[in-house]
Amino acid sequence: MTSLRAALTQIVGDAFEAEGLPHAFGQVQDSDRPDLAQFQCNGALAAVKFLNGRPADGSPAGAAKANPRAIADKIAARLKADPLFAKVEIAGPGFLNLDVTDAMLAMQLDAMRADARLGTPDTGAGRTVILDFGGPNIAKPMAVHHLRSSIIGDCLQRLYRANGWTVISDVHLGDWGLQMGQLITEIELEGTAPIYFDPNITGPYPQESPVTMEALETLYPRASAACKANPARLEAARRATVELQAGRPGYRALWKHFVTVTEAGLTREFESLGVKFDLWNGESSVDGLIPPMIEDLKARGLAQTSEGALVVDVAREDDKKPMPPLILVKSEGGVLYGTTDLATVIERVRDHAPALILYVVDHRQHGHFEQVFRAAHLAGFAGQAELEHVGYGTMNGPDGKPFKTRAGGAMKLYDLIEMGKAEAEKRLAEQGIGADYSAAERAGIARKVGIATIKFADLSNHRTTDYVFDLERFSKFEGKTGPYLQYAAVRIQSILRKAGTFDGVPSSLTSPEERALALHLLALGDVLAAAEDKRAPNMLCDYVFELAQVFSRFYAAHHILSESDATLRAARLGLCAQVLAVLTKVLDLLGIEVPERM
RNA sequence: GCACCCGUAGCUCAGCUGGAUAGAGUGUCGCCCUCCGAAGGCGAAGGUCAUAGGUUCGAAUCCUAUCGGGUGCGCCA
């Protein structure tokens with residue numbers, strides 16, 4: 001179904017066109033002044049500029065200066081003929097203020113209710129989008145900075161899916177770079193697993209991993225620090241990386257253990273966050289595509305040797321800043337993540353023919369993606385796919401510096417989730433609400449509420465802003481928070497449970513609160529389309545928060561169950577059910593679950 | 001040095017394809033549970049939209065400069 005706003009834009013656009021003006025001036029928006037009107041159109045003001053700027057070569061309105069109110073008058077006269085409008089007014093310099101009749105609102109609500117998709121737009125129309133997010137690294141536990149990629153990426157995949165796209169999400173593990181060589185050399189020096197380093201042995205190797213996830217977590221920082229302090233160690237790590245990538249059996253076997261062990265831990269983390277991926281590929285997945293890709297680029301003269309490395313020159317003449325080349329092969333023979341990213345474009349286009357590939361990665365990597373995208377386009381690897389870096393801001397502590405725990409380490413995602421859960425359980429106990437619930441239900445509620453707190457706090461900021469990761473804020477349940485929304489939904493569920501069966505009577509609107517609610521519900525489709533267009537989850541957060549607020553006002557103003565007029569009671573219950581459906585849907589897009597009670 | 005991003009209420013943030021009185025949450029102060037869940041609702045106070053120019057009938061939004069903060073600039077990811 002088309003949204004109410006889209007329908008109004010069509011009608012007002014037609015009116016502009018009938019006056020010999022471009023249809024686009026009929027753009028209708030939600031009113032900035034809800035006290036004056038429901039919708040507004042500023043097209044008359046824009047039309048003035050258009051008319052006055054037009055050359056006088058026979059165009060109809062060339063000579064005299066156009067007057068916005070005069071234009072608005074003509075448009076208004078046409079709109080007034082349409083019975084759909086309850087009010088058409090001109091205000092200020094030429095704003096068109098519009099109200100729709102209650103009957104129209106009710107009709108739209110009923111149409112929305114009848115639509116299984118609740119008025120969700122079909123912007124995807126079956127096209128494929130690949131979402132690359134998460135991006136955890138092997139041997140490193142997920143830290144809070146992975147939180148944003150995971151939460152934002154997951155929200156986008158849910159949104160794109162809802163909007164009719166075929167979505168393929170890929171966790172794209174960091175499993176093929178220098179950190180692998182660092183780990184391998186560290187284990188070699190420790191001497192705890194010599195079999196993997198004996199050049200006379202080519203397998204088979206033990207099934208059991210020589211290291212646990214916990215061991216890896218301490219191993220990596222040690223290896224990293226050693227390489228930073230000692231150039232010889234770094235050199236050894238680089239050599240090991242090259243040998244791993246070249247296929248040395250012992251290294252491959254050891255590496256496989258790293259991957260397996262880490263993946264088990266990551267699966268748990270992502271599961272607890274409620275984030276799922278279609279593909280668990282990594283940088284290493286395109287290993288086999290790299291040699292032919294390099295040969296191809298060399299043969300076509302796109303790759304050349306520079307300072308000992310093999311690079312693709314991606315600079316352009318009109319670049320305002322220096323644009324370094326994309327390095328394909330390092331001087332000692334290893335490949336980098338730019339190389340794997342480029343090969344991954346080839347793989348994705350070959351396997352899925354996407355219309356769009358989105359990379360949900362920290363905005364500091366902007367330069368890297370610029371290089372990769374340019375190289376991909378130069379080489380013609382992208383096919384029909386549009387490549388886009390969906391960057392997001394960094395997470396800082398309350399002091400404005402990168403977030404650290406009190407102990408000084410990076411906060412782990414797992415700890416954060418536990419913290420949210422503990423806070424939720426405490427709140428339940430304080431309210432004395434969950435006393436009669438089973439322990440399992442209480443735990444389930446705490447999990448849902450804790451995760452809602454974290455996700456909503458993260459998603460409600462615009463994704464590109466660096467934001468302060470404030471523990472206190474992340475444990476707040478009042479105000480513009482995830483739990484507020486869950487609470488609103490839970491109250492509606494409670495009402496509907498108590499209501500028993502009620503006939504699905506047609507919508508009818510009898511009060512300002514109901515009207516406001518109807519207008520908000522009917523904006524869903526526009527919001528979903530806009531949020532997709534901007535890749536902006538915070539727009540969903542704003543929408544759903546406002547919906548809950550408008551509902552709470554309605555709830556405070558009207559008693560529903562005790563309403564004596566049976567038809568009115570049923571209509572209000574129907575409205576409640578519709579709010580619940582939209583609330584639940586948008587929360588689901590945000591990755592937030594609603595408990596049955598809380 | 002060059003490039004990009006940001007500077008909006010005490011605090012945390014929306015708004016930025018120019019438009020009417022710049023919004024929300026939080027914090028502060030007040031009011032509202034003998035009725036559907038108060039994790040709620042209503043109200044008040046609180047802003048030279050960093051600064052200075054410019055474009056425009058109209059600028060938080062576009063342009064320029066300055067100040068302040070952040071980020072990125074070849075063999076890490």
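All chains are named by letter (A, B, ...) in the order of the sequence lines, taking the proteins before the strands, and each is independently numbered beginning at 1.
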* For A:Thr185 against A:Ala240, the heavy-atom pair lying closest together -> CG2-CB, 3.8 Å
* A:Arg239 and A:Glu243 ion-paired at < 4.0 Å -> no
* Asked: Within the structure shown, what part of the strands sits under 4.0 Å from A:Tyr337 by heavy-atom distance: base, sugar-phosphate, or nothing?
  -> base
* Asked: Given B:G19, B:A24, B:C36, which nucleotide is nearest the side-chain atoms of A:Phe95?
  -> B:G19
* To do: With heavy atoms under 4.0 Å as the rule, sort A:His172 into base, sugar-phosphate or nothing.
  => nothing
* Closest to the A:Val449 side chain, choosing from B:C76, B:C42, B:A39 -> B:A39
* Under 4.0 angstrom, heavy atoms only, what part of the nucleic acid is A:Ser562 near: base, sugar-phosphate, or nothing? -> nothing
* What interatomic distance, in whole Å, is found between P of B:A9 and the corresponding atom of B:C67? -> 23 Å
* Asked: Between the base of B:A20 and the side chain of A:Asn97, is there any donor-acceptor pair under 3.5 Å?
  -> yes
* **side-chain hydrogen bond (donor to acceptor under 3.5 Å, both in side chains) partners of residues 444-457 of chain A, not counting sequence neighbours, each pair once** => A:Arg447-A:Glu593
* Sidechain N-carboxylate O distance under 4.0 Å for A:Arg148, A:Asp362 -> no
* Tell me which nucleotide among B:C75, B:G40, B:A20 gets nearest to the side chain of A:Ser31. => B:A20
* Asked: Under 4.0 Å between a side-chain N/O of A:Lys320 and OP1 or OP2 of B:C4, yes or no?
  -> yes
* Asked: By centroid distance (under 5.5 Å) and plane angle (under 30°), are A:His462 and B:C13 in a stacked arrangement?
  -> no
* To do: Look at all strands and tell whether A:Arg597 reaches a base, only sugar-phosphate, or nothing, counting heavy atoms closer than 4.0 Å.
  => base
* Asked: Contact class for A:Gly92 vs. all strands (heavy atom < 4.0 Å): base, sugar-phosphate, or nothing?
  -> nothing
* In whole Å, what separates the C1' atom of B:C76 from that of B:C16? -> 36 Å
* To do: Examine the base of B:A20 for any acceptor or donor lying under 3.5 Å from a partner atom in the side chain of A:Gln40, and report the outcome as yes or no.
  => yes
* Separation between the P atoms of B:C31 and B:C36, rounded to whole Å -> 23 Å
* Asked: Checking all strands, does A:His559 fall into the base, sugar-phosphate, or nothing category for heavy-atom contacts under 4.0 angstrom?
  -> base
* **Closest to the A:Leu336 side chain, choosing from B:A39, B:G74, B:C75** => B:C75
* Asked: At under 4.0 Å between heavy atoms, what does A:Leu326 touch on the DNA or RNA strands: base, sugar-phosphate, or nothing?
  -> nothing
* To do: Decide if the gap between the ring center of A:Phe133 and the ring center of A:Tyr392 is smaller than 6.0 angstrom.
  => no
* To do: Would you tell me if any nitrogen or oxygen in the side chain of A:Tyr484 comes within less than 4.0 Å of OP1 or OP2 on B:G25?
  => no
* Asked: Is A:Glu307 touching bases, backbone alone, or none of the nucleic acid, heavy atoms closer than 4.0 Å?
  -> base
* Asked: Using the glycosidic torsion, which applies to B:C33: syn (within 90° of 0) or anti (everything else)?
  -> syn
* Asked: Counting only side-chain N and O atoms of A:Lys140, is one of them less than 4.0 Å from OP1 or OP2 of B:A77?
  -> no
* To do: Assign A:Ile560 to base, sugar-phosphate, or nothing according to its heavy-atom contacts below 4.0 angstrom with the strands shown.
  => base
* Taking all heavy atoms of A:His368 and all of A:Gly338, pick out the closest pair and write down the distance. => CE1-CA, 3.5 Å
* **Nearest-angstrom distance, C1' atom, B:A22 to B:U61** => 11 Å
* Asked: For B:C62, which nucleotide is its Watson-Crick or G-U wobble mate, given both distances must be under 3.5 Å?
  -> B:G54
* Asked: Do A:Ser306 and B:G74 share a donor-acceptor pair, side chain to base, under 3.5 Å?
  -> yes
* Structure fact -> Winner on side-chain proximity to A:Arg491, out of B:G19, B:G37, B:G74, is B:G37
* Check every strand shown and say whether A:Val490 touches a base, only sugar-phosphate, or nothing at a heavy-atom separation below 4.0 Å. => base
* **Pairwise C1' distance for B:G47 and B:G1, with rounding to whole Å** => 37 Å
* Side chains of A:His389 and A:Gln365, donor plus acceptor under 3.5 Å -> no
* Asked: Checking A:Gln40 side chain against A:Gln29 main chain: does a donor-acceptor pair fall under 3.5 Å?
  -> no
* Examine B:A14: is either OP1 or OP2 under 4.0 Å from a nitrogen or oxygen in the side chain of A:Thr465? Give yes or no. => yes
* Any strand: nucleotide that pairs with B:A38 via Watson-Crick or wobble, under 3.5 Å -> none
* A:Trp255 vs A:Trp176 aromatic rings, parallel, tilted or perpendicular, using cut-offs 30° and 60°? -> perpendicular
* To do: Classify the nucleic acid contact of A:Met598 as base, sugar-phosphate or nothing, counting any heavy atom under 4.0 Å across all strands shown.
  => base
* Asked: If you measure from the P atom in B:C63 to the same atom in B:G27, how many Å do you get, rounded?
  -> 38 Å
* Using the P atoms only, state how far B:G19 lies from B:C75, rounded to an integer number of Å. => 45 Å
* Asked: Which part of the nucleic acid does A:Gly367 contact within heavy-atom distance under 4.0 Å: base, sugar-phosphate only, or nothing?
  -> nothing
* **Nucleotide nearest A:Ser552 when distance is taken to its side chain, options B:C73, B:G19, B:G41** => B:G41
* Asked: Should A:Arg497 be listed as having a side-chain N or O under 4.0 Å from OP1 or OP2 of B:C36?
  -> no
* Asked: Checking A:Asp170 side chain against A:Asn281 main chain: does a donor-acceptor pair fall under 3.5 Å?
  -> yes
* Could you walk me through whether A:Asp99 and A:Arg515 pass salt bridge (Lys or Arg N to Asp or Glu O under 4.0 Å), step by step? => CA-CA 11 Å; A:Asp99 271 4; A:Arg515 217 165 277 128; over 6 Å; no
* Taking all atoms of both residues into account, what is the closest heavy-atom pair of A:Asp313 and A:Leu378, and its distance? -> O-CD1, 3.6 Å
* Asked: Any N or O donor-acceptor pair linking the side chain of A:Gln365 to the base of B:A77 at under 3.5 Å?
  -> yes
* Any ion pair linking A:Arg572 and A:Glu513 (charged N to carboxylate O, less than 4.0 Å)? -> no
Nucleotide N/O to protein N/O under 3.5 Å, stretch nucleotides 58-64 of chain B:
{"from": "B:G58", "atom 1": "O6", "to": "A:Lys49", "atom 2": "NZ", "distance (Å)": "2.4"}

* To do: Have a look at A:Ile327 and say if it touches a base, only the backbone sugar-phosphate, or nothing, with a 4.0 Å heavy-atom cut-off.
  => base
* Could you measure between the two C1' atoms, the one in B:C29 and the one in B:G10, and give it in whole Å? => 15 Å
* To do: Name every residue in residues 533-547 of chain A that has at least one heavy atom under 4.0 Å from any atom of RNA chain B, in order of residue number, or write none if there are no such residues.
  => A:Asn538, A:Asp542, A:Phe545
* Are OP1 or OP2 of B:C73 and a side-chain N or O of A:Arg364 less than 4.0 angstrom apart? -> no
* side chain to side chain contact (heavy atoms under 4.5 Å, CB included) with A:Met180: which of A:Ile138, A:Asn137, A:Thr241? -> A:Ile138
* **For B:U12, the Watson-Crick or wobble counterpart (both distances under 3.5 Å)** => B:A24
* Base, sugar-phosphate, or nothing for A:Ile492, non-hydrogen atoms under 4.0 angstrom? -> nothing
* To do: Could you tell me whether the phosphate oxygens of B:G25, OP1 or OP2, come under 4.0 Å of any side-chain nitrogen or oxygen in A:Gln549?
  => yes
* Asked: So, is A:Lys498 close to the B:G37 phosphate, meaning a side-chain N or O under 4.0 Å from OP1 or OP2?
  -> yes
